[in-house]
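Predicted, not measured: the structure shown is a model, and the values here were computed from it.
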Amino acid sequence: MLKVGLTGSIAVGKSFVLGVLAELGCRTLDADTTARDVVAPGTPGLDAVVDAFGRDTLKEDGTLDRVRLGKIVFADEEKRQLLNSILHPFIIAAQDDQIRRWEQGDSNGIAVVDAALMIESGGYRRFDKLIVVHCRPEVQRQRLIAREGLSPGDASLRIAAQMPQEEKKKYADFLIDTSEGFADTRRQTEAVFQELSALARAEA
């Protein structure tokens with residue numbers, strides 16, 4: 001099975017690209033969904049987060065208060081790195097388990113895993129190919145403000161907390177620029193899928 005990483009900074013359109021790849025027949029896994037699963041109530045992941053950041057990070061119903069935790073880690077680089085170091089082993093183990101299950105029934109298919117911090121964590125090395133999704137900085141900022149309801153200052157803080165887009169692009173086997181909207185992004189994604197399909201056939 002061809003294993004493909006999909007990454008990019010916050011609010012650049014990774015989810016749309018992942019959705020198009022799923023429509024085209026790829027097996028897809030969203031790391032945000034996996035990240036929520038590994039900190040569900042009763043999981044070792046949630047216990048580890050609470051041990052590190054305190055019970056104030058829990059809601060009354062025992063679930064993780066992601067908004068409160070986000071405010072803590074986005075304002076403090078050391079705490080952000082601590083959270084990532086706690087969650088990444090759980091997330092990677094869950095992803096690898098899912099890919100193994102897919103391979104048993106679809107050994108010639110394409111598995112795509114979407115993760116924002118794939119390059120920073122070194123996780124991209126687990127994949128055969130890497131797609132980096134990007135857009136113009138002003139488009140990214142506008143999308144983040146609209147999506148999250150953030151102030152311009154908070155949006156800039158979140159963007160600045162991540163590796164610059166230009167740096168991420170250096171790691172890419174394939175680049176998809178979402179600046180011009182859905183139709184153009186779909187066209188680029190379909191072209192990348194054709195190349196991935198050819199690679200998967202060659203490996204079969």
For this session: Using a 4.5 Å cut-off on heavy atoms from C-beta on, say whether the side chain of Ile159 contacts that of Ile10.
Result: yes
Problem set entry | Hydrophobic cluster identity match, Leu64 and Ile86, side-chain contacts under 4.5 Å | yes
Exercise. Same cluster for Leu6 and Leu24 if Ile/Leu/Val/Met/Phe/Trp/Tyr side chains link at under 4.5 Å?
Worked result: yes
Problem set entry | Worked check of salt bridge (charged side-chain N to carboxylate O under 4.0 Å, His left out) between Asp56 and Arg68 | CA-CA 8 Å; Asp56 286 348; Arg68 181 185 289 269; 5.2 Å; no
Exercise. With hydrophobic residues grouped by side-chain heavy-atom distances under 4.5 Å, do Val49 and Ile91 end up in a single group?
Worked result: yes
Seminar exercise, completed: The reported gap from CG in Asp114 to OG1 in Thr34 (rounded to nearest 0.5 angstrom) is 9.5 Å
Problem set entry | Glu138 atom CD: more than 12 heavy-atom contacts under 6.0 Å | yes
Problem set entry | Within-4.5 Å side-chain heavy-atom neighbours: Lys79 and Phe74 | no
Exercise. With Arg187, which residues qualify under salt bridge (Lys or Arg N to Asp or Glu O under 4.0 Å), at least two apart?
Worked result: Asp184
For this session: Compare every heavy atom of Ala155 with every heavy atom of Ile145, then report the nearest pair and how far apart it is.
Result: CG1-CB, 3.7 Å
Exercise. Do you know the tightest heavy-atom contact between Gln188 and Asp177?
Worked result: NE2-O, 2.6 Å
Exercise. Which pair of heavy atoms, one from Val12 and one from Val133, lies closest together, and at what distance?
Worked result: CG2-O, 3.5 Å
Exercise. Do Asn84 and Leu117 touch side chain to side chain, with heavy atoms closer than 4.5 Å?
Worked result: yes
For residues 164-175, run the donor-acceptor check on the side chains, cut-off 3.5 Å, and write out each pair with its distance to 0.1 Å, sequence neighbours left out.
residue, atom, partner, partner atom, Å
Gln165, OE1, Cys135, N, 3.0
Gln165, NE2, Cys135, O, 2.9
Gln165, NE2, Gln140, OE1, 3.2
Glu166, OE2, Lys169, NZ, 3.0
Glu167, OE1, Lys170, NZ, 3.1
Lys168, NZ, Ala116, O, 3.0
Lys168, NZ, Glu120, OE2, 3.4
Asp173, OD2, Leu130, N, 2.8

Problem set entry | No-hydrogen, no-angle side-chain donor-acceptor test under 3.5 Å, Arg126 and Gln95 | yes
For this session: Establish, from distance only, whether the side-chain atoms of Ser9 and Arg158 form a donor-acceptor pair under 3.5 Å.
Result: no
List the atom pairs, with distances to 0.1 Å, where a side-chain N or O of residues 191-204 and a protein N or O form a donor-acceptor pair under 3.5 Å, not counting sequence neighbours.
residue, atom, partner, partner atom, Å
Ser197, OG, Phe193, O, 2.9

Problem set entry | Residue pair Lys14 / Thr7: nearest heavy atoms and the distance that separates them | CD-C, 3.5 Å
Problem set entry | Distance (rounded to the nearest 0.5 Å) between Ile99 CD1 and Arg27 CZ | 11.5 Å
Exercise. So, do Asp37 and Thr33 sit near enough that their side-chain heavy atoms are less than 4.5 Å apart?
Worked result: yes
Exercise. Is a side-chain N or O of Thr189 found less than 3.5 angstrom from the main chain of Thr185, in a donor-acceptor match?
Worked result: yes
Problem set entry | Which residues share a side-chain hydrogen bond (donor to acceptor under 3.5 Å, both in side chains) with Asp97, sequence neighbours left out | Arg101
For this session: Verify the cluster assignment for Met118 and Val132: are they in a single hydrophobic cluster under the rule of side-chain heavy atoms below 4.5 Å apart?
Result: yes
Problem set entry | Listed partners of Glu103 passing salt bridge (Lys or Arg N to Asp or Glu O under 4.0 Å), at least two apart | Lys3
Exercise. What are the two closest non-hydrogen atoms of Gly62 and Pro41, and how far apart are they?
Worked result: O-CG, 4.0 Å
Seminar exercise, completed: dist Ser107:OG -> Leu2:CG (nearest 0.5 Å) comes out at 12.0 Å
Problem set entry | Trace of the side chain to side chain contact (heavy atoms under 4.5 Å, CB included) decision for Leu82 with Glu78 | CA-CA 6 Å; Leu82 173 60; Glu78 285 189 12; over 6 Å; no
For this session: Apply side-chain hydrogen bond (donor to acceptor under 3.5 Å, both in side chains) to Thr178 and Arg136, showing your working.
Result: CA-CA 8 Å; Thr178 67; Arg136 294 192 302 272; over 6 Å; no
Exercise. Ignoring hydrogens and geometry, is there a side-chain-to-backbone donor-acceptor pair from Arg80 to Ala75 under 3.5 Å?
Worked result: no
Exercise. Does one hydrophobic cluster hold both Val38 and Ile92, with members joined at side-chain heavy-atom distances below 4.5 Å?
Worked result: no
Show every donor-acceptor pair shorter than 3.5 Å between a side-chain atom in residues 16-23 and any protein atom, with sequence neighbours excluded, or say none if there are none.
residue, atom, partner, partner atom, Å
Glu23, OE1, Arg186, NH1, 3.0

Exercise. Which heavy-atom pair separates Pro44 from Phe90 by the least distance, and what is that distance?
Worked result: CB-CE2, 3.8 Å
For this session: Answer whether the closest heavy-atom distance between the side chains of Leu83 and His88 falls below 4.5 Å.
Result: no
Exercise. Side-chain contact, heavy-atom cut-off 4.5 Å: Leu58 with Asp65?
Worked result: no
Exercise. Just wondering, do Leu29 and Trp102 contact through their side chains at under 4.5 Å, heavy atoms?
Worked result: yes
